[in-house]
Amino acid sequence: MRKKVIAGNWKMNMTPTEAAALAERLKNGADTDKSDVIFCVPATDIYAVSQAVKGSNISVGAQNMFFEDNGAYTGEISANMLLDMGVRYVIIGHSERRELFAETNETVNKKVLKAFEKGIVPIMCVGESLVQREKAVTIEWIRMQVKVGLFGVKSDAAKKLIIAYEPIWAIGTGKTATSAQAQEVCSAIRAVLAEIYDADTAEATRVQYGGSVTGANAGELFGQPDIDGGLVGGASLKDDFIKIVNY
Ligand code: 13P
């Protein structure tokens with residue numbers, strides 16, 4: 001049985017002071033027995049939020065990291081820097097990073113490999129655009145993102161991986177994928193994992209849905225057989241996040 005994993009992606013919101021206050025407010029209501037709960041916060045907030053959630057079972061994650069260990073990479077943050085701050089999860093290849101910061105399946109792959117090398121669990125994001133869905137290439141596109149993103153990743157690591165399926169047209173739009181649409185793609189992701197690895201690995205890997213998840217639709221989405229929780233944007237900054245976690 002896969003344990004659900006529900007992560008808030010706070011994106012570029014909250015100063016450290018605001019972030020600590022939000023984490024304090026959200027941490028008590030969230031049922032961490034049923035699901036693993038992660039706050040993926042801006043790098044500048046990691047320390048403040050780690051302090052705020054101390055004593056709870058909530059984990060703090062990052063939203064990005066670079067694939068080199070150190071060196072002349074102005075503005076980048078390494079896996080060791082995150083580890084030293086207690087980070088054990090990192091979002092890799094969010095569609096906003098792919099679209100706005102030129103990340104590709106190849107850079108995603110390098111980051112995923114580096115995260116595993118360092119013992120950080122990547123939350124690898126995949127998802128199609130509206131045009132791709134309309135042209136009926138969603139499944140092929142997602143299969144390619146998963147395959148290239150996981151080049152060189154061994155099955156033991158893949159079992160710990162979290163994949164977030166986030167249709168781009170559902171992000172921040174209030175337009176959630178139907179549970180059937182989300183289930184179809186999450187099941188296709190599991191099928192490609194079975195092809196790359198084996199049935200055991202495909203059964204172990206957790207696959208989240210993300211895109212306009214709210215307290216009102218979380219239960220229906222997370223009730224699908226291949227959806228193991230969610231990656232939540234806007235609603236993760238509100239008390240609604242507690243409803244999502246306790247769906
Ligand atoms: P929203 O929940 O705001 O649609 O964002 C989803 C997302 O991008 C999470 O990573």
Side-chain angles (χ1 to χ4, degrees), residues 4-14 18-19 22-23 26 30 35-43 45-46 49 58-65 87 89-101 103 107-108 111-112 115 120-130 132-133 138 141-142 145-146 149 161-179 181-183 185-186 189 206-222 224 227-247:
K4 300 278 187 213
V5 55
I6 298 170
N9 175 5
W10 292 13
K11 307 194 179 183
M12 196 179 74
N13 294 292
M14 302 284 146
E18 292 165 344
L22 178 62
L26 295 180
S35 308
D36 291 331
V37 180
I38 311 163
F39 294 159
C40 295
V41 305
D45 296 351
I46 289 169
V49 173
I58 292 171
S59 303
V60 181
Q63 299 174 7
N64 180 36
M65 57 163 239
V87 167
Y89 297 90
V90 61
I91 297 173
I92 299 289
H94 190 281
S95 62
E96 286 150 17
R97 295 216 54 88
R98 293 177 189 254
E99 285 186 344
L100 301 170
F101 303 98
E103 295 209 14
T107 59
V108 167
K111 291 180 178 193
V112 165
I120 302 178
V121 173
I123 302 175
M124 186 179 84
C125 301
V126 297
E128 83 285 5
S129 67
L130 186 57
Q132 288 166 332
R133 176 156 286 269
T138 297
W141 180 259
I142 303 283
Q145 287 185 315
V146 172
L161 173 73
I162 300 169
I163 297 181
Y165 166 54
E166 299 205 308
I168 297 169
W169 48 271
I171 294 177
T173 57
K175 222 178 133 192
T176 318
T178 65
S179 53
Q181 285 172 323
Q183 163 60 24
V185 178
C186 291
I189 290 172
R206 292 187 288 181
V207 183
Q208 298 174 313
Y209 167 79
S212 300
V213 174
T214 65
N217 60 31
E220 163 82 17
L221 287 160
F222 302 169
Q224 302 303 308
I227 302 182
D228 306 313
L231 184 56
V232 184
S236 72
L237 300 168
K238 302 186 225 152
D239 294 329
D240 202 27
F241 189 67
I242 296 172
K243 278 206 201 113
I244 295 173
V245 170
N246 302 343
Y247 71 94

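One-based numbering, in listed order, for ligands and for the atoms of each.
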Task: Atoms of ligand 1 close to G172 [distance to a heavy atom under 4.0 angstrom, numbered from 1] - done: 1 (P), 3 (O), 4 (O)
- [ ] Please identify which atoms of ligand 1 are closer than 4.0 Å to at least one heavy atom of S212.
- [x] 1 (P), 2 (O), 4 (O)
Open item on the list: Does any N or O of ligand 1 fall below 3.5 Å from an N or O anywhere on G234, backbone included?
Closed with: yes
Open item on the list: Please tell me whether D240 and T214 have a donor and an acceptor in their side chains that are separated by less than 3.5 angstrom.
Closed with: no
TODO: Would you mind telling me if ligand 1 is within reach of the side chain of N9, the backbone, both or neither, using heavy atoms under 4.0 Å?
DONE: side chain
Task: E103/R98 salt bridge by N-O under 4.0 Å criterion - done: no
Open item on the list: Checking the N or O distance criterion of under 3.5 Å, is ligand 1 in contact with G210?
Closed with: no
Open item on the list: Please report the interatomic distance CG(N64) to CD(E96), rounded to the nearest 0.5 Å.
Closed with: 12.0 Å
Task: Plane angle bin for W10 and F39 - parallel if under 30°, tilted between 30 and 60°, otherwise perpendicular - done: tilted
Task: From Y209 atom OH to Q183 atom CD, the distance as rounded to the nearest 0.5 Å - done: 13.0 Å
- [ ] Check ligand 1 against H94 and write out every atom of the ligand that is under 4.0 Å from a heavy-atom position of the residue.
- [x] 7 (C), 8 (O), 9 (C), 10 (O)
Open item on the list: Please report whether ligand 1 has a polar contact with G233, defined as an N or O pair separated by less than 3.5 Å (distance criterion only).
Closed with: yes
Task: Numbered atoms and elements of ligand 1 in range of A170, under 4.0 angstrom, heavy atoms - done: 4 (O)
- [ ] Mark up the atoms of ligand 1 that fall under 4.0 Å of a heavy atom belonging to G211, in ascending order.
- [x] 4 (O), 6 (C)
Task: Spacing of CD1 belonging to I91 relative to NZ belonging to K111, to within rounding of 0.5 Å - done: 12.0 Å
Open item on the list: Using a 3.5 Å cut-off on N or O atoms only, is E166 in polar contact with ligand 1?
Closed with: yes
Task: Nearest-0.5 Å distance that lies between atom CD1 in I38 and atom CD1 in I162 - done: 4.5 Å
